[in-house]
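Keep in mind that what you see is a predicted model, and the values were worked out from it rather than measured.
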Amino acid sequence: MAGSVNKVILVGNLGKDPEIRTLNSGERVANLSLATSEQWRDKATGERKEKTEWHRVVIFNENIVKVAENYLKKGSTVYIEGSLQTRKYEQNGVEKYTTEIVLQKFRGELTMLGGRADSGGGASRGGGDDDYSSGFSTGGANKPSGPKESYDLNDDIPF
């Protein structure tokens, strides 16, 4: 394989309010606890079962940190796009590892889902400065679904 891809896409609900911290460098970081669930019926018993996975999300993009701080709260439904990173830390003299979904400064995306009553109905995108990602939208509903250029479909095709 010539290359590799490290990309994670999650849609889930926040288990608690975002934690906003300031690093020694002055940069702000948001930590989210995101739950994703799957449901199924047990074939043997017909009983409805559910399994929930918890994910740690770390946001370094300043604009997305602002959105998380101002608009996200426990229970908010979000779409997250980032990359997996494992880091080592020490706790009480014991080396431990944790794997997190990381939204870097210029890479990653957070979109708020669920409407205004749920979470405010905005969206924030990291990276890319096209005309459509102004930092806030109504969950993508007003986003044009085509190229920015206007093409004349009635022109003569030379072949």
Donor-acceptor under 3.5 Å (D17 side chain, K73 main chain): no

Side chain to side chain contact (heavy atoms under 4.5 Å, CB included) against V65, all qualifying residues, sequence neighbours excluded: I20, R28, A30, I59

Salt bridge (Lys or Arg N to Asp or Glu O under 4.0 Å) against E47, all qualifying residues, sequence neighbours excluded: none

Transitive ILVMFWY cluster of L23, excluding itself - 4.5 Å side-chain cut-off: V29, V58, F60, V102

K66: partners by salt bridge (Lys or Arg N to Asp or Glu O under 4.0 Å), with sequence neighbours left out: none

Heavy-atom pair with the smallest gap, counting every atom of Y71 and S76: O-OG, 4.3 Å

Straight-line distance of I101 CD1 to E81 CD, nearest 0.5 Å: 12.5 Å

D42 (side chain) donor-acceptor with A44 (main chain) under 3.5 angstrom: yes

Sequence-distant partners of T98, side chain to side chain contact (heavy atoms under 4.5 Å, CB included), two or more places apart: R56, R87, Y89, E100

With R48 via side-chain hydrogen bond (donor to acceptor under 3.5 Å, both in side chains) - residues at least two apart: Q39

Distance, nearest 0.5 Å, that separates CG of N13 from CG of L32: 12.0 Å

Which residues share a side chain to side chain contact (heavy atoms under 4.5 Å, CB included) with N6, sequence neighbours left out: S83, L84

Shared-cluster residues of W40, by chain and number - hydrophobic side chains joined below 4.5 Å: none

Minimum heavy-atom distance between T36 and G12, given as atom pair plus value: CG2-CA, 4.3 Å

Sequence-distant partners of K43, salt bridge (Lys or Arg N to Asp or Glu O under 4.0 Å), two or more places apart: none

Exercise: identify the closest heavy-atom pair between R21 and N31: NE-ND2, 3.0 Å

Rounded distance (nearest 0.5 Å) linking atom CD of E109 with atom CD1 of I64: 7.5 Å

Qualifying residues under side chain to side chain contact (heavy atoms under 4.5 Å, CB included), relative to S37, sequence neighbours excluded: E50, T52

Reported CG-to-CH2 distance for the pair L34 and W54, which is rounded to 0.5 angstrom: 8.0 Å

Heavy-atom side-chain contact between V57 and V78 under 4.5 Å: no

Sub-4.5 Å side-chain heavy-atom contact between L110 and L72: yes

Set of residues satisfying side-chain hydrogen bond (donor to acceptor under 3.5 Å, both in side chains) with respect to T45, sequence neighbours excluded: none

Salt bridge (Lys or Arg N to Asp or Glu O under 4.0 Å) against K96, all qualifying residues, sequence neighbours excluded: none

